[in-house]
Every structure is written in C-alpha cells, then in structure tokens.
Enquirer: 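Below are the structure tokens for one structure; questions will follow.
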Protein chains: 2
Amino acid sequence: MKNRLKVLRAERDWSQAELAGRLDVSRQAVNAIETGKHDPSLPLAFRIARLFDMRIEDIFDDGESA
Amino acid sequence: MKNRLKVLRAERDWSQAELAGRLDVSRQAVNAIETGKHDPSLPLAFRIARLFDMRIEDIFDDGESA
DNA sequence: ACACAAAGTCAGGTGTGCTTGACATAGTCA
DNA sequence: TGACTATGTCAAGCACACCTGACTTTGTGT
C-alpha cells in the first residue's frame with residue numbers, strides 16, 4: 001500500500017516524531033508506514049485523513065485500477 | 001468502528017457468505033466486521049469500498065466529530 | 001415435524017500493527 | 001571535535017485481523 005505521508009509531512013515541515021505526536025502513535029509506527037513496512041489500521045487511517053483534511057483514498061493507494 | 005455493511009449487503013440481497021466470496025475473505029471475517037467485533041484492515045476496507053463503489057468514509061464511521 | 005439456509009459464535013492457530021527501548025547513520029552547527 | 005536532530009532499523013512483546021473447522025440458533029418452507 002503506497003501513501004503520500006512523507007510528502008504531506010514535508011509540506012508542513014513536520015518531523016516523523018511531530019507527526020507521531022499528532023496521531024498519538026509511536027515514531028516507529030509513522031516510520032514503518034512511510035517506508036512501506038506496515039499498512040495503518042483503519043482507525044489510524046481515519047486519524048491520518050482527518051489530520052490532513054483529506055479522504056483516505058487520496059492519501060493511500062492500494063494499487064487496484066479502479 | 002460502525003459500518004453500513006449489513007445495509008449495503010441487504011440492498012443487494014447478498015448473504016454474508018456471498019459477500020465474503022466477493023471480498024475474498026472468510027464468512028466469519030464478514031460476520032465479525034458486521035457485528036462490530038473487528039475493524040477491517042485498510043486493504044480490506046479498500047476492497048469493500050471498491051465493491052460498493054463508495055468511499056471508505058461513507059461506509060465506515062469511527063465516531064469522531066469531524 | 002423435518003429439512004435447509006443464514007447468521008452467530010467458539011477454539012486454536014498464523015500473521016501483522018503497534019508498543020518501548022536501544023542503537024546506527026547522516027546532517028547541521030557551535 | 002563534539003553536541004544535537006532526524007531518520008532508519010532491530011528485538012521482544014502484546015493485541016487484533018484473519019484463517020479453518022465445528023457447532024448452535026433462528027427463520028423459512030415443505
């Protein structure tokens with residue numbers, strides 16, 4: 001599952017630790033999602049989408065055509 | 001995490017087993033999601049949204065105000 | 001009463017999302 | 001050089017998302 005977390009974070013000039021704090025998860029969890037090691041849980045995906053005021057589908061991409 | 005799976009399924013007159021087949025998961029997985037015992041993984045949430053041609057946020061509700 | 005389909009549930013197992021704590025590396029700056 | 005920040009990574013552990021297989025319950029129809 002690809003995602004735009006790193007870009008969205010860079011646009012706001014946040015560190016991984018700063019983003020982790022805003023999402024109430026560990027810094028390692030943010031890193032693992034950004035580097036593609038894990039997909040977030042659905043509740044965490046909701047928190048991420050809400051934080052950036054976007055839809056989940058606009059942040060994450062599971063690669064299926066349509 | 002609340003969801004509208006049961007209603008969407010009823011609108012199409014599908015059994016849990018039929019929906020499970022279309023999502024490529026077990027019947028018990030569908031049942032657990034409908035009865036609120038589990039949240040789906042993000043990839044499964046994407047498959048569900050795609051199957052019903054809706055956004056994830058229109059099917060699932062994590063209860064946060066905005 | 002009987003058969004059947006759908007739904008719900010349980011046990012036992014596997015894989016993963018997330019945790020804390022620790023450590024390595026690279027970049028910046030006094 | 002030495003201190004500090006950001007990032008990446010590892011290990012060990014916990015909780016949960018899924019699995020198969022089996023069983024019970026409920027509703028429908030003969």
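By convention in this document, chain letters (A, B, ...) are assigned in the order of the sequence lines, proteins followed by strands, and residues within each chain are numbered from 1. All values derive from a computational prediction rather than experimental measurement.
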Enquirer: OP1 or OP2 of dG8(D) versus the side-chain N and O atoms of Asn31(A): is any pair under 4.0 Å?
Expert: yes
Enquirer: For a quick test of reading the model: is some side-chain N or O of Lys6(B) closer than 4.0 Å to OP1 or OP2 of dG8(C)?
Expert: yes
Enquirer: Within this structure, what is the CG-to-P distance between Asp13(A) and dT7(D), rounded to whole angstrom?
Expert: 10 Å
Enquirer: Can you check whether Ser41(B) has a side-chain N or O nearer than 4.0 Å to OP1 or OP2 of dC18(D)?
Expert: yes
Enquirer: Separation of Met1(B) atom CE from dC16(D) atom C1', in whole Å?
Expert: 13 Å
Enquirer: Is the phosphate of dG8(D) approached by Gln16(A) (side-chain N or O, under 4.0 Å from OP1 or OP2)?
Expert: yes
Enquirer: Starting from P on dC16(D), measure out to CG on Leu42(A) and report it in whole angstrom.
Expert: 15 Å
Enquirer: Ion pair present between Arg50(B) and Asp62(A), side-chain N to carboxylate O less than 4.0 angstrom?
Expert: yes
Enquirer: Nearest-Å distance, CD1 (Ile33(B)) to C1' (dC16(D))?
Expert: 12 Å
Enquirer: Dump the intermediate steps for salt bridge (charged side-chain N to carboxylate O under 4.0 Å, His left out) on Glu18(B) and Arg12(B), then the final yes or no.
Expert: CA-CA 10 Å; Glu18(B) 166 102 25; Arg12(B) 287 154 185 80; over 6 Å; no
Enquirer: For a 4.5 angstrom cut-off between non-hydrogen side-chain atoms, does Arg4(A) reach Met54(A)?
Expert: yes
Enquirer: Any side-chain N or O of Arg27(A) below 4.0 angstrom from OP1/OP2 of dT9(D)?
Expert: no
Enquirer: Once you round it to whole Å, what is the distance between P of dG17(C) and NZ of Lys37(A)?
Expert: 13 Å
Enquirer: Quick check: on DNA chain C, is the nucleotide nearest Ala32(B) upstream (toward 5') of the one nearest Val25(A), or the reverse? Name the residue that is more 5'.
Expert: Ala32(B)
Enquirer: Check step by step if side chain to side chain contact (heavy atoms under 4.5 Å, CB included) holds for Arg27(A) and Val30(A).
Expert: CA-CA 5 Å; Arg27(A) 181 183 65 85; Val30(A) 168; 5.8 Å; no
Enquirer: Determine the contact category for Ser26(A): base if any of its heavy atoms lies under 4.0 Å from a base atom, sugar-phosphate if only primed atoms, P, OP1 or OP2 are that close, otherwise nothing.
Expert: base
Enquirer: May I have the distance from Glu34(B) (atom CD) to dA17(D) (atom C1'), rounded to whole angstrom?
Expert: 16 Å
Enquirer: For Ala17(B) and Ala29(A), find the nucleotide of DNA chain C closest to each by heavy atoms; which residue's nucleotide sits nearer the 5' end?
Expert: Ala17(B)
Enquirer: On the side chain of Gln28(A), is there an atom forming a donor-acceptor pair with the base of dG21(C) - under 3.5 Å, no angle test?
Expert: yes
Enquirer: Would you mind reading off the distance between Leu5(A) atom CG and dG17(C) atom P, rounded to a whole angstrom?
Expert: 14 Å
Enquirer: Counting distance only, does the side-chain N/O of Glu57(B) pair as donor-acceptor with the main-chain N or O of Ile56(A) below 3.5 Å?
Expert: yes
Enquirer: In this structure, how many angstroms lie between the C1' atom of dC18(C) and the CG atom of Asp39(B), rounded?
Expert: 14 Å
Enquirer: Between dC16(D), dC18(C), dT7(D), which one does the side chain of His38(B) approach most closely?
Expert: dC16(D)
